**Q** 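Below is one structure. I have some questions about it.
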Amino acid sequence: MADEVIYIDVDDGAKRVMNNTKLFVKLLVKFKEDQTLGKIESALSAGNMEEAQTAAHTLKGLTANLSLIELYKQCVELEAQIKAGSVKDGQLALVNDVYKKTLLEIDKVVSEYA
């Protein structure tokens, strides 16, 4: 299905850690504790675009390294909008929604592979 949303590419993520699925799952669990999205929100609320852009770049990197596909795509878009100086209405809400769905998918992966 071409329009299927992929939240986590487990095969790709495991390859990134030399096919060590246990390590990949451990990294996913650690990601759930990450506070970077909150830093983006705080920085945007304060009008600090430089700090928001740095945090967005950090979150983009984390999601890329963990093969969190849809969240990565949304982080790319969010970072681009922050760099341009204006976040479109609804973009941060979209990132939050995808973030929450990604966390649910992480729980599924953890229970499957733990």
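Only a predicted model underlies this, so the values are computations on that prediction, with no experimental measurement involved.
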**Q** Going from CG on Leu71 to CG on Leu37, what distance comes out if it is rounded to the nearest 0.5 angstrom?
**A**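 So the gap between those two atoms works out to 8.0 Å.
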**Q** Between atom NZ of Lys15 and atom OG1 of Thr21, what is the distance when rounded to the nearest 0.5 Å?
**A** 11.5 Å
**Q** Which atoms form the tightest heavy-atom contact between Ser67 and Gly13, and what is the distance?
**A**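 Taking Ser67 first and Gly13 second, the nearest heavy atoms are OG-N, 3.2 Å.
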**Q** If we only count heavy atoms from C-beta on, is the Ile40 to Val95 side-chain gap below 4.5 Å?
**A**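 Ile40 does not reach Val95 side chain to side chain.
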**Q** If two hydrophobic side chains count as joined below 4.5 Å and joins carry through other members, does Ile8 share a cluster with Leu23?
**A** yes
**Q** Which residues satisfy the side chain to side chain donor-acceptor pair (under 3.5 Å) test with Lys108, sequence neighbours excluded?
**A**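 Expected list: Glu105.
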**Q** What is the distance from atom CD of Gln91 to atom SG of Cys75, rounded to the nearest 0.5 Å?
**A** 9.0 Å
**Q** Tell me, which pairs form a ring pair (Phe, Tyr, Trp, His ring centres under 6.0 Å) where one or both residues lie in residues 42-85, sequence neighbours left out?
**A** none
**Q** What are the two closest heavy atoms between Ala43 and Ala52, and how far apart are they?
**A** CB-N, 3.5 Å
**Q** Any ring pair (Phe, Tyr, Trp, His ring centres under 6.0 Å) pairs touching residues 88-114, not counting sequence neighbours?
**A**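 Pairs touching residues 88-114 that pass the test: Phe31-Tyr99.
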**Q** Name all pairs fulfilling the salt bridge (Lys or Arg N to Asp or Glu O under 4.0 Å) condition that reach into residues 76-98, sequence neighbours left out, sorted by first residue then second.
**A** Lys60-Glu79, Asp97-Lys101
**Q** Asn65: which residues meet the side-chain contact (heavy atoms from CB on, under 4.5 Å) condition with it, sequence neighbours left out?
**A**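 Asn65 satisfies side-chain contact (heavy atoms from CB on, under 4.5 Å) with Arg16 only.
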**Q** What pairs of residues pass the salt bridge (Lys or Arg N to Asp or Glu O under 4.0 Å) test when at least one of them lies in residues 31-58, not counting sequence neighbours?
**A**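 Output for this query lists Lys32-Asp107.
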**Q** Rounded to the nearest 0.5 Å, how far does CG of Leu59 lie from CD of Gln35?
**A**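 Separation between the atoms: 11.5 Å.
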**Q** Could you report the tightest heavy-atom contact between Leu92 and Leu78, atom names first, then the distance?
**A** CD1-CD2, 4.2 Å
**Q** Start with the C-alpha gap between Phe24 and Leu66, add the side-chain angles, then the distance that decides, and say whether side chain to side chain contact (heavy atoms under 4.5 Å, CB included) holds.
**A** CA-CA 8 Å; Phe24 179 62; Leu66 292 172; 4.3 Å; yes
**Q** Where do Ile6 and Ile69 come nearest, in terms of heavy atoms and distance?
**A** O-CB, 3.3 Å
**Q** Given Leu44 and Ile82, is the side chain to side chain contact (heavy atoms under 4.5 Å, CB included) satisfied, shown in steps?
**A** CA-CA 9 Å; Leu44 288 173; Ile82 292 169; 4.2 Å; yes
